[in-house]
*Asks:* 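First the structure, which I've put down as structure tokens, then a few questions once you've had a look.
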Amino acid sequence: MTDFTEQLRQQVAAVAAHVYQFQIEASAIKIDKTPPEFQGEYTVVIFPFVKTSRKSPEATGNEIGAALMERMPAISQYNVVKGFLNISFADEAWLNTLRDMRAEKQFGQLAATDKKVVLEYCGPNTNKPLHLGHVRNVLLGYAAANILQAAGHTVHKVNILNDRGIAICKSMVAYLRTGNNTTPASTGIKGDHFVGNYYVEYSRIADAEIQKLVAGGMTAEAAAKQAPIYLEAQEMLRKWEAGDAEVLQLWNTMNNWVYAGFQETYQRIGIDFEKEYKESEFYLKGKDLVLEGLQNGTFTKKPDGSIWVDLTADGLDEKVLLRADGTSVYITQDMGVAWQRYQDYQMDTSVYVVANEQDYHFKVLKLVMQKLHYPFANGIYHLSYGMVDLPEGKMKSREGTVVDADDLIAGMTDEAHAFLSASEKSAEFSEAEKQILAHQIGLSALKYFILKVDPRKRILFNPKESIDLHGHTGPFIQYAYARIQSIFRKLTEQQVAITDAYGSSLLPAEKELIVWLSQYPTTIALAAETYSPAEIANYIYTLAKKFNSFYADHPIAKAASVEKQNLRAAIAERTAYVLRHGLQLLGIEVPEKM
RNA sequence: GGCCCCGUAGCUCAGUGGAUAGAGCAUCUGCCUUCUAAGCAGAGGGUCACUGGUUCGAAUCCAGUCGGGGUCACCA
């Protein structure tokens, strides 16, 4: 371990037991990073000890500090300010830390655990293209999976395709009416957009028909249920459930168009899945589980034949699990899919990346599975994230305010391209290189913009204001990395050999970077525990910031001595490594030059 | 109405029991004849929604109030 925190905890606990006969769990000891205005790297909060020490905070701090120095030779000095014991480790200790970090081939990959995680994300409906909400979902899901993996767990990324139901039937009906046997290939329209257009077309037709009925004297509510196209969609759904060959064929064809479109978007955005579950394949299994629960008395049947679970004892309501006609509801399908996943993976934890509007649903799902005593029930975890709102509020497809994922990616790429072309570096890159760079930088801006925010919080996105390329952004971090690569290109050119002879002393700015770098593994562990990519995002931003500041007034390739050159090159190399590693955890690519 | 989440600088966000609450954007001032200025250094900008409580110590925990969002469908 590169970080001294754990050792310090152990030793402080031992000192407390020894000197004050005060038994305290090492994990309960509060150790912070020392704020910059004080001397030291770690601060032990000593207030908890004064009760048993029966001395002033200052005296207690000094006593503990002195005892620590005896136990840990790496400590060079300490000071006490009010109730805070600030501890400095010797330069030599930090130089060794740097050597350790350099020697660790997979720095940032924590020791393997035996925990198996299945992480579900994306979860699109197959009747329209992906939008801004999916973008937050997939960025979060992909990053969380990477982080869990880095924390040592085995992770399986899976998708759930909501491929059945009335929505896709609406697209199908509209296509039959107005599609004229065109296809994505014949029109040159991306498959998901192609099908989505018919979903929009459906709404247009339905609105017109409803208006006509209302003009004929019907109430709006009744008209909505009587519109011919609506009745057609319902009929189509019945046929689908009955296994009608013609309907199934059209359904298959249109879904496959959508999948092809999704695949393209996944690729553009840089995410993937190990396996895709289709709701249509598992909703029947969910039914079996419900019936099983009915048999063993976990669920109850109402006189009309519908099956219910009573969750009032858990502070929730009664929930329907199966309709009177025996057809399944939303949760039935999730039950079936969850069961199947356990057959496939025997996971300890199932992470569901789903927006917070479904908090209630996942509470119910977990409770129901627990009541059925499935082995995976306790491991169900809903990674709930806030919605992405526009300045005027929630995105609404009816009002045409939905921000399309493909448009968004293209917009960001164009912006990065424009910036690159306008810059003085433009001449250094070929057009092909600019295309690649623009994609890397544009996506980086978008991804970082979303991932730096705590997942639970809603995000405000203003499509009219472009996402920044400067400041606290993805490109800022990419740029810090690229600058370091530039230094190493120079060093290689000049055939300078870097060794780990670093001398014996450190400047404050050098030490600060080493200390910060040493916290990386702890940060990964924390990000994994809290399922928060924002932890990584903010950590690497601070690292880039610290490095830039260091870079501005400490020459690296042109350092005054060979030892300083070695030292700073080593720091720069580890900084670049961690920046790249961290960005990759977030799903952000790292250009070598920009 | 019940339950859940959120409220920190003009704006977007960090900080979730510890010292004088931090970044970015925007505004203003400096810095490219030395490793990439997508950068660096600095200035101004705060009743941490409000009230009470717990604590040696509260933006952070608890209770209440106000404001915003979500949810409480035999929709998915």
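Here is how names work: the chains are called A, B, and so on, in the same order as the sequence lines, proteins then strands, and each is numbered from 1.
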*Asks:* Look at the side-chain N and O atoms of A:R483 and state whether any lies under 4.0 Å from the OP1 or OP2 oxygen of B:rG39.
*Replies:*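 A:R483 to B:rG39 OP1/OP2: no side-chain N or O under 4.0 Å.
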*Asks:* For RNA chain B, produce a single dot-bracket line, 5' to 3'. Pairs: Watson-Crick or G-U wobble, both distances under 3.5 Å. Symbols: ( ) within strand, [ ] crossing, | other strand, . unpaired.
*Replies:* (((((((..((((....[...)))).(((((.......))))).....(((((..]....))))))))))))....
*Asks:* If you measure only the distance, is there a donor-acceptor pair under 3.5 Å linking the side chains of A:Y330 and A:Q358?
*Replies:*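 The answer is yes; a qualifying pair exists.
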*Asks:* Would you kindly compare A:H470 and A:K30 by the position of their nearest RNA chain B nucleotide and give the one closer to the 5′ end?
*Replies:*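 Its nucleotide being nearer the 5' end, the pick is A:K30.
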*Asks:* Is the aromatic ring centre of A:F476 closer than 5.5 Å to the centre of the six-membered base ring of B:rA38, with the two planes inclined by less than 30°?
*Replies:*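 According to the criterion (under 5.5 Å, under 30°), no, A:F476 does not stack.
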*Asks:* P atom, B:rC40 versus B:rG2: distance in rounded Å?
*Replies:*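 Straight-line distance between the two P atoms is 50 Å.
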*Asks:* Ring-on-base stacking between A:Y551 and B:rC35, under 5.5 Å between centres and under 30° between planes: is it there?
*Replies:*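 Stacked: centres under 5.5 Å apart, planes under 30°.
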*Asks:* Regarding A:D32 and A:K30, does a basic nitrogen lie under 4.0 Å from an acidic carboxylate oxygen?
*Replies:*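 Salt bridge present between A:D32 and A:K30.
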*Asks:* Looking at A:F419 versus A:H470, is the centre-to-centre ring distance below 6.0 Å?
*Replies:*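 Centroid distance A:F419-A:H470: below 6.0 Å, so yes.
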*Asks:* Can you tell me how far P of B:rC75 sits from CG of A:N125, to the nearest Å?
*Replies:*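 A:N125 atom CG is separated from B:rC75 atom P by 16 Å.
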*Asks:* Distance check: side-chain N/O of A:K82 vs OP1/OP2 of B:rG57, anything under 4.0 Å?
*Replies:*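 No, because none of the side-chain N or O atoms of A:K82 sits under 4.0 Å from OP1 or OP2 of B:rG57.
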*Asks:* If you assign A:V453 and A:I487 each to the RNA chain B nucleotide with the nearest heavy atom, which residue ends up on the more 5' nucleotide?
*Replies:*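 So the residue in question is A:V453.
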*Asks:* Any idea how A:W240 and A:W251 line up, ring-wise: parallel (<30°), tilted (30 to 60°), or perpendicular (>60°)?
*Replies:*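 Correct class here is perpendicular.
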*Asks:* Need one value for A:R568: base, sugar-phosphate or nothing, where a base atom within 4.0 Å counts as base even if backbone is also close, heavy atoms only.
*Replies:*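 No contact at all - A:R568 keeps every heavy atom at 4.0 Å or more from the nucleic acid.
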*Asks:* Using the ring centroid of each side chain, check whether A:Y539 and A:Y520 are separated by less than 6.0 Å.
*Replies:*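 Yes, ring centres under 6.0 Å apart.
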*Asks:* So, does A:K363 get its side chain near the phosphate of B:rC3, meaning an N or O under 4.0 Å from OP1 or OP2?
*Replies:*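 No, outside the criterion.
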*Asks:* Ignoring backbone atoms, test whether A:R323 places a side-chain nitrogen or oxygen under 4.0 Å from the OP1 or OP2 oxygen of B:rC75.
*Replies:*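 Yes, A:R323 has a side-chain N/O under 4.0 Å of OP1/OP2 on B:rC75.
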*Asks:* Nearest to the side chain of A:M594, heavy atoms from C-beta on, is which of B:rC74, B:rG18, B:rA38?
*Replies:*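 The answer is B:rA38, which lies nearest to the side chain.
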*Asks:* Please confirm whether the shortest side-chain N or O distance from A:K457 to OP1 or OP2 of B:rG69 is below 4.0 Å.
*Replies:*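 A:K457 to B:rG69 OP1/OP2: no side-chain N or O under 4.0 Å.
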*Asks:* Can you tell me the distance, in whole Å, between the CZ atom of A:F84 and the P atom of B:rG17?
*Replies:*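 That distance rounds to 14 Å.
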*Asks:* Whole angstroms only, please: what is the CZ-P distance between A:F461 and B:rC13?
*Replies:*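 My rounded result for the distance is 12 Å.
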*Asks:* Just call it for A:K593: base, sugar-phosphate, or nothing, with non-hydrogen atoms closer than 4.0 Å on any strand.
*Replies:*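 Here A:K593 touches the bases of the nucleic acid.
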*Asks:* Give one of base, sugar-phosphate or nothing for A:T43, where a contact means two heavy atoms less than 4.0 Å apart.
*Replies:*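 Since a base atom lies under 4.0 Å of A:T43, the category is base.
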*Asks:* Is any side-chain N or O of A:K546 closer than 4.0 Å to OP1 or OP2 of B:rG39?
*Replies:*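 False: A:K546 side-chain N/O out of range (4.0 Å or more) of B:rG39 OP1/OP2.
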*Asks:* Sticking with atom C1', work out how far B:rC4 lies from B:rA9, rounded to a whole angstrom.
*Replies:*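 Taking atom C1' in both B:rC4 and B:rA9, they lie 29 Å apart.
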*Asks:* Scan A:F47 against the nucleic acid and name what it touches under 4.0 Å (heavy atoms): base, sugar-phosphate only, or nothing.
*Replies:*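 Base, at least one base heavy atom under 4.0 Å.
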*Asks:* Taking the six-membered ring of A:F429, is NZ or CZ of A:K593 closer than 6.0 Å to its centre and within 45° of its axis?
*Replies:*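 The answer is yes; both the distance and angle limits are met.
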*Asks:* Phosphate oxygens OP1/OP2 of B:rG39: is one of them under 4.0 Å from a side-chain N or O of A:N548?
*Replies:*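 A:N548 to B:rG39 OP1/OP2: no side-chain N or O under 4.0 Å.
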*Asks:* Salt bridge or not for A:E357 and A:K394, using N-O below 4.0 Å?
*Replies:*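 Salt bridge: yes.
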*Asks:* For A:Y541, which contact category applies under a 4.0 Å heavy-atom criterion: base, sugar-phosphate, or nothing?
*Replies:*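 Sugar-phosphate: the residue A:Y541, judged by heavy atoms under 4.0 Å, touches backbone atoms but no base.
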*Asks:* OP1 or OP2 of B:rA38 sitting under 4.0 Å from any side-chain N/O of A:K425?
*Replies:*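 Answer is yes, contact under 4.0 Å.
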*Asks:* Among B:rA38, B:rG70, B:rU12, which is the nearest nucleotide to the side chain of A:L460?
*Replies:*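 When the side chain of A:L460 is considered, B:rU12 is the closest of B:rA38, B:rG70, B:rU12.
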*Asks:* OP1, OP2 of B:rA38 versus side-chain N and O of A:Y479: anything below 4.0 Å?
*Replies:*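 Affirmative; the distance criterion is met.
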*Asks:* Over how many whole Å does the gap from A:Y277 atom OH to B:rA76 atom P extend?
*Replies:*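 Spelled out: OH on A:Y277 to P on B:rA76 is 22 Å.
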*Asks:* Surrounding NZ of A:K301 (heavy atoms of other residues, nucleotides or ligands, distance under 6.0 Å), is the total greater than 12?
*Replies:*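 Result for NZ/A:K301: open.
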*Asks:* Quickly work out the A:H361 NE2 to B:rC4 P distance and round it to whole Å.
*Replies:*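 Going from A:H361 (NE2) to B:rC4 (P), I get 19 Å.
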*Asks:* Test the A:R456-A:Y385 pair against the cation-pi criterion, namely NZ or CZ under 6.0 angstrom from the six-membered ring centroid and within 45° of the ring axis.
*Replies:*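 Geometry flag: not set, cation outside 6.0 Å or 45°.
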